**Student:** 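Quick one: this structure, given as structure tokens, is what I'll be asking you about.
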Amino acid sequence: MSIKRISSGGEFEAKIGYCRAVVAGGFVHVAGTVGQGENVIEQARSAMDTISAALQKAGASLADVVRVTYYLPDRREFEPCWPVLREAFGANPPAATMIECGLIDPKYRIEIEVTALAPQ
């Protein structure tokens with residue numbers, strides 16, 4: 001089995017020692033991804049853009065996502081993100097989990113992690 005590691009070039013990948021995505025075992029595993037922006041909606045949109053770019057580098061797309069996990073420090077901020085997430089996944093909604101937890105920095109309002117089917 002081969003493993004393909006995909007970097008986004010983000011500063012923390014080298015500092016912490018991780019890849020944005022790893023293609024292995026028939027899946028694309030995308031690391032937890034935060035976004036930029038002033039509020040949770042902007043950050044969700046930004047994170048989904050970063051995730052989409054990583055999937056494209058793997059030859060996949062958001063339509064191939066089978067599992068998504070959302071991490072938020074305040075569960076009340078999840079509902080405002082729903083339109084962004086519906087738009088991102090469209091007619092291909094994945095299985096999903098939302099977890100309320102602390103994130104690495106209080107400026108981050110959402111972190112998103114996905115698993116997608118790898119291209120054949």
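Because the structure is a prediction, the values reported are computed rather than measured.
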**Student:** Can you tell me how far apart CZ (R45) and CD1 (I110) are? Round to the nearest 0.5 Å.
**Tutor:** 11.5 Å
**Student:** What residue pairs, at least two apart or across chains, pass ring pair (Phe, Tyr, Trp, His ring centres under 6.0 Å) with a residue in residues 31-68?
**Tutor:** none
**Student:** What is the distance from atom CE of M98 to atom OG1 of T69, rounded to the nearest 0.5 Å?
**Tutor:** 11.5 Å
**Student:** Could you tell me whether a side-chain N or O of T33 sits under 3.5 Å from a main-chain N or O of A31, the two making a donor and an acceptor?
**Tutor:** yes
**Student:** Is a side-chain N or O of E13 found less than 3.5 angstrom from the main chain of C19, in a donor-acceptor match?
**Tutor:** no
**Student:** Looking only at non-hydrogen atoms, find the nearest pair between N92 and A63 and report the distance.
**Tutor:** ND2-CB, 3.5 Å
**Student:** Listing request: all ring pair (Phe, Tyr, Trp, His ring centres under 6.0 Å) pairs with a residue in residues 35-74, at least two apart in sequence or in separate chains.
**Tutor:** Y70-F78
**Student:** Identify the heavy atoms of V65 and P94 that sit nearest to each other, and give their distance.
**Tutor:** O-CB, 3.5 Å
**Student:** Filter on side chain to side chain donor-acceptor pair (under 3.5 Å), then keep only pairs touching residues 50-59, sequence neighbours left out; what's left?
**Tutor:** none
**Student:** Same cluster or not: V114 versus F27, using hydrophobic residues (I, L, V, M, F, W, Y) connected whenever any side-chain heavy atoms lie under 4.5 Å apart?
**Tutor:** no
**Student:** Does a sphere of radius 6.0 Å around CZ in R75 hold more than 12 heavy atoms from other residues, nucleotides or ligands, not counting ones at 6.0 Å or beyond?
**Tutor:** no
**Student:** Going hydrophobic residue to hydrophobic residue with side-chain gaps under 4.5 angstrom, can you get from L85 over to L72?
**Tutor:** yes
**Student:** Donor-acceptor pair, E77 side chain versus V40 backbone, under 3.5 Å?
**Tutor:** no
**Student:** Can you name the nearest heavy-atom pair linking P80 to P83, along with the distance?
**Tutor:** O-CD, 3.4 Å
**Student:** With ring pair (Phe, Tyr, Trp, His ring centres under 6.0 Å) as the rule and sequence neighbours excluded, what pairs involving residues 37-62 come up?
**Tutor:** none
**Student:** Check whether any side-chain heavy atom of K4 lies under 4.5 Å from a side-chain heavy atom of V28, and answer yes or no.
**Tutor:** no
**Student:** Considering only heavy atoms from C-beta outward, does the side chain of L62 approach that of I51 to under 4.5 Å?
**Tutor:** yes
**Student:** Side chains of W82 and E87: does their closest heavy-atom pair fall under 4.5 Å?
**Tutor:** no
**Student:** Heavy atoms only: give me the nearest A58-V23 pair and the separation to one decimal.
**Tutor:** CB-CG2, 3.6 Å
**Student:** With distance as the sole test, does R5 use its side chain to make a donor-acceptor pair with the main-chain N or O of R20 at under 3.5 Å?
**Tutor:** no
**Student:** Quick check against the 3.5 Å criterion: does S46 have a side-chain atom that pairs as donor or acceptor with the backbone of G35?
**Tutor:** no
**Student:** Has I104 got more than 12 heavy atoms of other residues, nucleotides or ligands less than 6.0 Å from its CD1?
**Tutor:** no
**Student:** Between atom NZ of K107 and atom CD of E38, what is the distance when rounded to the nearest 0.5 Å?
**Tutor:** 10.5 Å
**Student:** Rounded to the nearest 0.5 Å, what separation is found between the CD atom of E113 and the CD1 atom of I99?
**Tutor:** 8.5 Å
**Student:** How long is the straight-line distance from OG1 of T115 back to CG of D64, given to the nearest 0.5 Å?
**Tutor:** 12.0 Å
**Student:** Please enumerate all residues that pass salt bridge (Lys or Arg N to Asp or Glu O under 4.0 Å) together with R86, with sequence neighbours excluded.
**Tutor:** none
**Student:** Taking the side chain as every heavy atom from C-beta outward, state whether R109 and D74 have any pair of such atoms under 4.5 Å apart.
**Tutor:** yes
**Student:** Report the residues that fulfil side-chain hydrogen bond (donor to acceptor under 3.5 Å, both in side chains) with D105, sequence neighbours left out, ordered by chain and then residue number.
**Tutor:** none
